[in-house]
There are 2 protein chains.
Amino acid sequence: MRDEPVLRLRVKLSADFAMGPGKADILDGIARTGSISAAGRALGMSYRRAWSLVEAMNAAFAAPVVETSRGGAEGGGARLSDTGEAVLALYRRMQEEALAATEGSRADMATMLGDLSDDA
Amino acid sequence: MRDEPVLRLRVKLSADFAMGPGKADILDGIARTGSISAAGRALGMSYRRAWSLVEAMNAAFAAPVVETSRGGAEGGGARLSDTGEAVLALYRRMQEEALAATEGSRADMATMLGDLSDDA
DNA sequence: CATCGTTATGCATGGACAAACATAACGACG
DNA sequence: CGTCGTTATGTTTGTCCATGCATAACGATG
């Protein structure tokens with residue numbers, strides 16, 4: 001599952017923080033599942049790591065991207081803040097923009113591939 | 001040395017081959033230095049790895065991207081083939097295209113950063 | 001024909017990073 | 001007030017990948 005996209009981009013936003021596919025996937029997973037642990041499971045990633053990525057993002061942005069709650073009947077959960085929604089939307093948009101902008105170049109490069117590469 | 005660029009992109013060209021910053025750097029290094037080992041040294045990367053990346057690229061494309069020679073007074077060397085030149089140029093172009101296309105989105109995302117992130 | 005720096009390749013070691021495991025705290029609700 | 005699944009965090013285990021080391025072949029040139 002989750003075959004990696006044709007174009008992966010990693011955006012360096014500051015000296016020690018970058019936004020990449022992994023963090024975007026986590027945001028997406030949390031939005032869909034309502035919890036960090038479920039998102040981690042869905043992505044085949046350990047909870048530890050999923051939580052670490054969330055922590056990194058929350059620390060990097062001015063406002064937290066993920067809001068969490070502990071306890072309760074369901075044990076707790078997590079959801080995207082407005083900032084989180086915006087960050088995810090912007091990352092997706094960047095991906096689309098990059099994909100579209102490089103369409104010609106990628107096609108040109110693809111023509112140079114050998115026959116062994118384009119199967120399967 | 002060699003601070004990573006603002007935008008790194010990795011282009012999946014086939015099921016088992018992708019072009020990323022590392023391979024592009026190697027091509028660039030070989031073009032500049034005239035040998036795989038010198039390029040590796042310049043990039044702070046082991047010869048073993050540099051050579052592996054070259055091997056992977058040579059295998060993936062229809063024509064080799066790097067042509068090598070052994071022996072001789074200088075011990076040998078390596079240089080980019082026409083295909084290699086083209087691949088490098090295309091990758092650079094893609095990078096520029098992606099950078100330009102995402103300019104607005106990146107700026108928008110940057111505005112959401114916290115104060116701790118934009119120093120240094 | 002000895003020398004030299006390079007390509008080319010195998011193999012062992014190590015270090016970074018992720019997974020796995022272990023706990024604790026939390027709090028709505030039955 | 002016991003239960004439950006989740007957040008939160010420390011610690012250990014594993015695994016992958018790069019590095020490092022070692023070695024061979026190469027061939028123009030002196």
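Chain A is the first sequence line, chain B the second, and so forth, proteins listed ahead of strands; every chain is numbered from 1.
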Visitor: Name the closest nucleotide to the Thr68(A) side chain, picking from dA8(C), dA8(D), dT6(D).
Guide: dA8(D)
Visitor: Taking 4.0 Å as the cut-off, does a side-chain nitrogen or oxygen of Ser35(B) come that near to OP1 or OP2 on dG5(C)?
Guide: no
Visitor: Name the residue closer to the 5' end of DNA chain D, choosing between Arg48(A) and Gly76(A) according to the nucleotide with the nearest heavy atom.
Guide: Gly76(A)
Visitor: Can you confirm whether Ile26(B) sits close enough to Met45(B) that some side-chain heavy atom of one is under 4.5 Å from a side-chain heavy atom of the other?
Guide: yes
Visitor: Measure from the side-chain heavy atoms of Ala78(A) and tell me the nearest of dT7(D), dT19(D), dT9(C).
Guide: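 Nearest to the side chain of Ala78(A) among the choices is dT7(D).
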Visitor: Can you confirm whether Asp108(B) sits close enough to Arg93(A) that some side-chain heavy atom of one is under 4.5 Å from a side-chain heavy atom of the other?
Guide: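 Yes, side chains in contact.
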Visitor: Roughly how many Å is it from CG in Leu53(B) to P in dT7(C), rounded to a whole number?
Guide: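 After rounding, the gap between these two atoms is 14 Å.
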Visitor: Would you check if the side chain of Ser37(A) reaches a backbone N or O of Tyr47(A) as a donor-acceptor pair within less than 3.5 Å?
Guide: no
Visitor: Reading DNA chain D from 5' onward, which residue's closest nucleotide shows up sooner: Ile36(A) or Ala73(A)?
Guide: Ala73(A)
Visitor: Tell me what Arg49(A) touches on the nucleic acid: a base, only sugar-phosphate, or nothing, going by heavy atoms under 4.0 Å.
Guide: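 Arg49(A): backbone/sugar contact only, no base atoms under 4.0 Å.
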Visitor: Considering only side-chain heavy atoms of Arg70(B), which listed nucleotide, dA8(C), dA8(D), dA19(C), is closest?
Guide: dA8(C)
Visitor: Quick check on DNA chain C: between Ala50(A) and Tyr47(B), whose nearest nucleotide comes earlier from the 5' end?
Guide: Tyr47(B)
Visitor: Nearest whole angstrom, please: distance from the C1' of dA18(C) to the CG of Leu43(A).
Guide: 15 Å
Visitor: dT6(D) P sits how many Å from Glu67(A) CD, rounded?
Guide: 19 Å
Visitor: How many Å lie between CZ on Arg79(A) and C1' on dT6(D), as a whole number?
Guide: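 So the two atoms are 15 Å apart, to the nearest Å.
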Visitor: To check you understand the geometry: which heavy-atom pair defines the closest contact between Ala24(B) and Leu88(B), and what is its length?
Guide: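 In terms of heavy atoms, the two residues are closest at O-CD1, 3.7 Å.
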Visitor: Does a side-chain N or O of Trp51(B) approach OP1 or OP2 of dA8(C) to a distance below 4.0 Å, or not?
Guide: yes
Visitor: Under 4.5 Å between any side-chain heavy atoms of Met109(B) and Met19(A), yes or no?
Guide: yes
Visitor: Rounded to whole angstrom units, what separation is found between the CD1 atom of Ile26(B) and the C1' atom of dT7(C)?
Guide: 14 Å
